[in-house]
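These notes are about the structure you will find just below.
In what follows, every heavy atom counts, from backbone to side chain, and hydrogens, waters and symmetry copies are set aside. For ligands, and for the atoms within them, numbers begin at 1 and follow the listed sequence.
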Amino acid sequence: MAMPKEEGLDHTLAFLKEGYEFILHRRKSFQSDVFETTLLGKKAICLGGKEGAELFYDTDKFIRAGAAPNRLVKTLFGEGGVQTLDGEQHRNRKEMFMSIMTRNQLQKLDQLIEREWDRASEKWDEADQIKLYEASHHILMKAACGWAGVPLDDEKKRTEQMRHLFEAPAALGASHWQGRVSRSGAEKWISELVQQVRSGDLHPIREGALYVFSWHRDADGELLPAEVAAVEVLNILRPIVAISIYIVFAALALHQFPEEKKRLERGDGSIHRFVQEVRRFYPFFPATLAKVKKDFEWNGYQFKEGTMTLLDLYGNNHDPHLWEQPDLFRPERFLDWDKSPFDFIPQGGGDFGMGHRCAGEWVTIQVMEVSVDFLVNKLRYTVPEQDLSYSHSSMPSMPKSQMILTDIRKVSS
Ligand code: HEM
């Protein structure tokens with residue numbers, strides 16, 4: 001059977017224009033959770049829906065090696081990182097990541113995040129005006145480095161580098177190149193620390209990423225090359241700083257849905273469900289990418305070896321077949337969510353250990369919970385007139401004003 005196919009030579013421009021909604025628009029118009037299009041001059045299959053997500057995470061059917069475009073590897077991912085591995089090598093590397101995500105370690109991170117919010121807010125004066133996006137970068141970077149055991153030599157410079165790594169992949173011109181420059185600077189910084197750990201000149205906490213990754217042995221029993229260990233330490237620091245995007249969206253939701261904020265203040269709403277709804281509702285990554293491992297047939301459709309395949313992350317979170325009134329912000333929907341690993345997938349789906357689902361999903365949820373609790377219960381602030389609109393095509397997306405807060409006061413405890 002022929003797969004529904006989008007006519008025309010190339011649809012990259014439409015993808016850039018329609019952004020997060022590109023795949024879902026076509027899933028709706030084809031009335032199909034699988035269709036073929038052409039992106040970057042190549043045939044691409046787009047998958048969505050629960051069944052589509054389940055198929056995408058079948059490691060007998062799809063691989064990651066060679067799937068990500070160069071501009072992503074050179075900025076966001078880094079070379080040799082877990083995102084680009086398959087099979088035994090991936091399982092081994094993923095275990096390394098999941099080994100630091102223990103309950104104990106997550107509690108430590110909570111405390112560090114809370115301490116940094118405290119420290120930052122003590123410095124804010126009622127007369128100050130802060131941009132929440134930028135303020136969160138510093139809070140998150142300090143906490144992330146403390147958690148990972150990374151000594152922060154030049155806080156401002158290193159925080160900027162992290163920010164460039166996640167802002168650059170879809171950027172054009174100078175901003176994109178800035179991301180590449182920041183990646184080589186950040187990798188050099190962390191590689192040197194890995195070498196110091198190995199030579200005994202640096203003794204970071206033993207549970208943190210710097211120590212654990214420096215001494216991790218890959219599937220062949222070898223230590224990772226220092227540059228690869230550095231790429232993986234950055235796979236902890238960078239995305240923790242990127243949670244700033246969700247913190248800004250959480251603050252936007254508190255502002256735009258004041259009845260939800262009141263419920264949280266009164267204690268009859270759940271911060272956990274609020275955070276889940278922020279992750280479902282607002283855009284972050286539109287899709288994730290893999291390649292067909294070997295020819296196979298699914299529901300009568302042919303998948304040819306090597307074909308680029310996209311899974312519709314944003315679309316599944318907004319799919320009317322999976323969510324009632326998906327375009328309403330309604331945290332209470334999570335009261336009766338069945339915890340399927342394939343419908344709510346802002347950070348990927350499937351199994352953490354076997355597949356490529358985000359290693360930092362629990363970290364993200366906890367950091368957001370601590371931050372939302374701080375915004376709701378420990379701070380008072382005004383949201384002045386500003387441009388809070390956000391685009392559905394720029395990636396990552398963000399309210400244009402980056403969330404300005406004024407009249408900030410800490411609630412005395
Ligand atoms: C800021 C919010 C975050 C979002 C939206 C996000 C999203 C994602 C997505 C979409 C993937 C790819 C899933 C796939 O391809 O199947 C991923 C993978 C990954 N994420 Fe996150 N992530 C976030 C935060 C974090 C944090 C805080 C960490 C670490 C502390 C982290 C570490 C990773 C790693 C290591 C992978 C690669 C996993 C693998 O390839 O097996 N992420 N993330």
Hey, does Gly350 sit under 4.0 Å from ligand 1 if you only count heavy atoms? no

His90, any N or O under 3.5 Å of ligand 1 N or O: yes

Protein contact of atom 35 (C) of ligand 1 - nearest heavy atom, named by residue and atom, plus distance: Phe97 CE2, 3.6 Å

Lys261 meets the salt bridge (charged side-chain N to carboxylate O under 4.0 Å, His left out) criterion, sequence neighbours left out, with none

What's the shortest heavy-atom distance between Phe166 and His137, and which atoms? CZ-NE2, 4.0 Å

ring-ring contact (aromatic ring centres under 6.0 Å, His included): pairs with one or both residues in residues 39-58, sequence neighbours excluded: Phe56-Phe62

Does an N or O from Thr288, backbone or side chain, lie closer than 3.5 Å to an N or O of ligand 1? yes

shortest atom 10 (C) of ligand 1-to-protein heavy-atom contact is with Leu313 CD1, 3.6 Å

Protein N/O/S atoms closer than 2.8 Å to atom 21 (Fe) of ligand 1: Cys358 SG

In terms of residue, atom name and distance, what is the protein heavy atom nearest to atom 39 (C) of ligand 1? His356 ND1, 3.4 Å

Counting non-hydrogen protein atoms only, what is the nearest one to atom 16 (O) of ligand 1? Give residue, atom name and distance. Tyr57 OH, 2.5 Å

According to the interplanar angle, ranging from 0 to 90°, do the rings of Tyr282 and Phe329 count as parallel (below 30°), tilted (30 to 60°) or perpendicular (above 60°)? tilted

Lys410 side chain vs Trp124 backbone, donor-acceptor pair below 3.5 Å: no

Going by distance only, is there an N or O of Trp147 that falls short of 3.5 Å from an N or O of ligand 1? no

Aromatic ring proximity, centroids under 6.0 angstrom, Phe334 and Phe274: no

Applying side chain to side chain donor-acceptor pair (under 3.5 Å), name anything that partners Asp387, two or more places apart in sequence or on another chain. Ser389

